[in-house]
Number of protein chains: 2
Amino acid sequence: MGDTRGSILRAAIHQFAESGLQQTSLRSIAREAGVDPALILHYFGSKRGLFLALVRQKLDEVLAGLLGDVPPTKDIGDLLVARFLALWDGDRRLFAALFRTAMSDESLASLLRTELLAELVRRVAATHSTEAERRAALALSQLMGMAVGRYVLGIEPLASADPEEVAADVGPTLTRYLLRPLPPPARPGGR
Amino acid sequence: MGDTRGSILRAAIHQFAESGLQQTSLRSIAREAGVDPALILHYFGSKRGLFLALVRQKLDEVLAGLLGDVPPTKDIGDLLVARFLALWDGDRRLFAALFRTAMSDESLASLLRTELLAELVRRVAATHSTEAERRAALALSQLMGMAVGRYVLGIEPLASADPEEVAADVGPTLTRYLLRPLPPPARPGGR
DNA sequence: CCAATAATTCAACACTCCTTGAAATATCTT
DNA sequence: AAGATATTTCAAGGAGTGTTGAATTATTGG
């Protein structure tokens, strides 16, 4: 099995999920992969390069799993929340680690904005030509807050609730942000 | 001015706000405070001890500023959001750094749960004897999501919007979580 | 003024880290 | 089989870390 590069990636996923980007050392990844640390640099250029390779891969999964084939429905919020939870529940530790890193690393945050958020804006704009950015930002922040509470901070009963229950609670908020009338925006220059 | 301890704390706040807990070194704090690194340990025991001293102090400010003297009102959500934003807007970098750390550090996360969340639960329970935990968790996650979007990831237009506008958008969600009827909880053991 | 206590510094230990450049080993091509 | 190429290891550089314990300076109290 000449898949050394693959086994490095696997070890990296495992370690990053366990301890995050900063805490994980190339040495410990190399140890788990049964490989010399220098080899990782040979393949990925740098620790950051390894991490980014990982992120790109997962981001595609997220985009497909979250925004792929969204049927038109009145309960769009419930659907999005359910998909979001299904994704994240499938690999809690890894996603939590990725999310934490995105919050500490401007270049990752920027990736989130330009890929995930932008795609969401595009979908929203398809039904609402105006205020798509505002709606998408609000929806995304509720999604992220739910994730923080459930997966990162472990706030009960949110952390242990069944996905369906969470979707029933949070979904309507998303639906409102995405489809319902919003308060009139502040007039620029008004007081 | 024999306030060396105070100037260490000030330097620490500045540096932690700028770079976070891990990235900031005792040596650089000592440099800014014009002091030997060992002196910090003398006063605070450890790097973590210094950070915790800081957190305790700020947490009290937050609790007072957020949950102190809440008048009974129908628009409780707008009020909470406005207060939350006023607090955080007053020191964006520091709060963002504290929040990031809370997400990576279980003992800080636990502090958030046992202090901020618990206090919120107590307030909610005053008007809703049942489901206070569920309501508080939902409200807190929307607050945190708003914070992540606005301050940490910098999602537009949320990041640059006037506080009043954000309060008008997000407040009703909080009010709903806190005061309005929620979907019936899943029956335990049901399917 | 001198002893006791507090404040502060010095120097060093013991790690760990990412990264580098050259050396060794394996694989492939012809 | 031999030369070329890719893969992998070795050893070490060089910097930075938190922390410790003793030594030094300043401050206070009798």
Side-chain angles (χ1 to χ4, degrees), chain A residues 1-57 97-98 100-108 111, chain B residues 1-57 94 97-98 100-109 111:
Chain A
M1 42 195 76
D3 189 20
T4 310
R5 194 192 140 105
S7 75
I8 290 176
L9 260 176
R10 246 169 290 134
I13 289 182
H14 182 215
Q15 299 254 345
F16 283 142
E18 210 70 23
S19 321
L21 173 57
Q22 308 233 13
Q23 309 272 2
T24 302
S25 74
L26 282 184
R27 285 173 153 84
S28 87
I29 296 175
R31 204 178 312 131
E32 176 170 336
V35 138
D36 189 275
L39 191 59
I40 303 181
L41 288 270
H42 173 69
Y43 279 125
F44 297 94
S46 69
K47 183 184 183 178
R48 174 174 211 75
L50 169 60
F51 190 76
L52 285 184
L54 236 161
V55 167
R56 293 244 162 240
Q57 175 181 310
L98 292 180
R100 273 192 285 256
T101 307
M103 306 199 55
S104 310
D105 187 311
E106 173 51 32
S107 81
L108 257 201
L111 204 68
Chain B
M1 46 194 75
D3 190 21
T4 310
R5 194 192 139 106
S7 76
I8 290 177
L9 260 175
R10 260 184 311 260
I13 289 181
H14 182 214
Q15 299 254 346
F16 283 142
E18 209 70 22
S19 321
L21 173 58
Q22 308 231 17
Q23 310 271 0
T24 302
S25 74
L26 282 183
R27 284 173 157 85
S28 88
I29 295 175
R31 204 178 310 130
E32 176 170 335
V35 138
D36 188 276
L39 191 58
I40 303 181
L41 286 286
H42 172 69
Y43 279 125
F44 298 94
S46 68
K47 183 185 183 179
R48 176 175 210 74
L50 170 61
F51 189 76
L52 285 184
L54 241 165
V55 167
R56 293 242 163 241
Q57 176 181 307
L94 178 62
L98 292 180
R100 274 191 284 254
T101 307
M103 306 199 54
S104 309
D105 186 312
E106 173 51 31
S107 81
L108 258 202
L111 204 67

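Note: hydrogens, waters and symmetry copies are ignored here, and every other heavy atom, side chains too, is used. Chain identifiers are assigned alphabetically (A, B, ...) following the order of the sequence lines, protein sequences preceding nucleic acid strands; residue numbering begins at 1 within each chain.
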Chemist: Under the ring pair (Phe, Tyr, Trp, His ring centres under 6.0 Å) test, which residues partner F44(A), sequence neighbours left out?
Modeler: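 For F44(A), no residue satisfies ring pair (Phe, Tyr, Trp, His ring centres under 6.0 Å) once neighbours in sequence are set aside.
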Chemist: What's the separation between atom CG in L111(B) and atom CZ in R56(B), rounded to the nearest 0.5 Å?
Modeler: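 If I round to the nearest 0.5 Å, the distance is 5.0 Å.
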Chemist: Looking at residues 24-36 of chain A, who's got a heavy atom less than 4.0 Å off DNA chain D?
Modeler: R27(A), V35(A), D36(A)
Chemist: Write out all pairs satisfying ring pair (Phe, Tyr, Trp, His ring centres under 6.0 Å) with one or both partners inside residues 7-29 of chain B, taking only residues at least two apart or from two chains.
Modeler: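 Passing the test, one end in residues 7-29 of chain B: F16(B)-F51(B).
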Chemist: Excluding sequence neighbours, so at least two apart, what forms side chain to side chain donor-acceptor pair (under 3.5 Å) with Q57(A)?
Modeler: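 In terms of side chain to side chain donor-acceptor pair (under 3.5 Å), with neighbours along the sequence ignored, Q57(A) is linked to no residue.
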Chemist: In residues 40-56 of chain B, which residues come under 4.0 Å of DNA chain D by heavy atom?
Modeler: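 Those residues are L41(B), S46(B), K47(B).
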Chemist: For D105(A), what residues pass the side chain to side chain donor-acceptor pair (under 3.5 Å) criterion, not counting sequence neighbours?
Modeler: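 Per chain and number, D105(A) pairs via side chain to side chain donor-acceptor pair (under 3.5 Å) with R48(A), S107(A).
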Chemist: Does A33(A) have any side chain to side chain contact (heavy atoms under 4.5 Å, CB included) partners at least two apart in sequence or in another chain, and if so, which?
Modeler: S7(A), I8(A), A11(A), V35(A)
Chemist: So how far is it from L50(B) CG to S46(B) OG, rounded to the nearest 0.5 Å?
Modeler: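 Answer rounded to 0.5 Å: 8.0 Å.
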Chemist: What residues in residues 7-22 of chain B put a non-hydrogen atom under 4.0 Å from any atom of DNA chain C?
Modeler: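 Those residues: none at all.
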Chemist: Drop me the distance from L39(B)'s CG to L26(B)'s CG, to the nearest 0.5 angstrom.
Modeler: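 It comes to 11.5 Å.
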Chemist: Nearest to the side chain of A38(B), heavy atoms from C-beta on, is which of dG21(D), dC10(D), dT19(C)?
Modeler: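 The listed nucleotide nearest to A38(B)'s side chain is dG21(D).
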Chemist: How would you list, by chain and number, every residue that makes a side chain to side chain donor-acceptor pair (under 3.5 Å) with Q22(A), sequence neighbours excluded?
Modeler: Q23(B)
Chemist: Using five base pairs at each end, measure the axis-to-axis angle across the helix from dT8(C)-dA23(D) to dT30(C)-dA1(D) and round it to 10 degrees.
Modeler: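 The end axes of the helix from dT8(C)-dA23(D) to dT30(C)-dA1(D) are about 10° apart, to the nearest 10°.
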Chemist: Nearest 0.5 Å, please: how far is CG in L9(A) from OG1 in T4(A)?
Modeler: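 These two atoms lie 11.5 Å from each other.
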Chemist: According to salt bridge (Lys or Arg N to Asp or Glu O under 4.0 Å), who are the partners of R10(A), at least two apart in sequence or on a separate chain?
Modeler: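 Once residues adjacent in sequence are excluded, the partners of R10(A) under the salt bridge (Lys or Arg N to Asp or Glu O under 4.0 Å) criterion are D3(A).
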Chemist: Do any N or O atoms from the side chain of K47(A) and from the backbone of I40(A) form a donor-acceptor pair under 3.5 angstrom?
Modeler: no
Chemist: Rounded to whole angstroms, how far apart are CD on Q23(B) and C1' on dC17(C)?
Modeler: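 Taking CD of Q23(B) and C1' of dC17(C), I get 13 Å after rounding.
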Chemist: Apply side chain to side chain donor-acceptor pair (under 3.5 Å) to S28(B) and list each qualifying residue two or more places apart in sequence or on a separate chain.
Modeler: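 Residues passing side chain to side chain donor-acceptor pair (under 3.5 Å) with S28(B): Q15(B).
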Chemist: Using whole Å, what does the distance between atom C1' of nucleotide dA7(C) and atom CG of D3(B) come to?
Modeler: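 Whole-Å distance recorded here is 13 Å.
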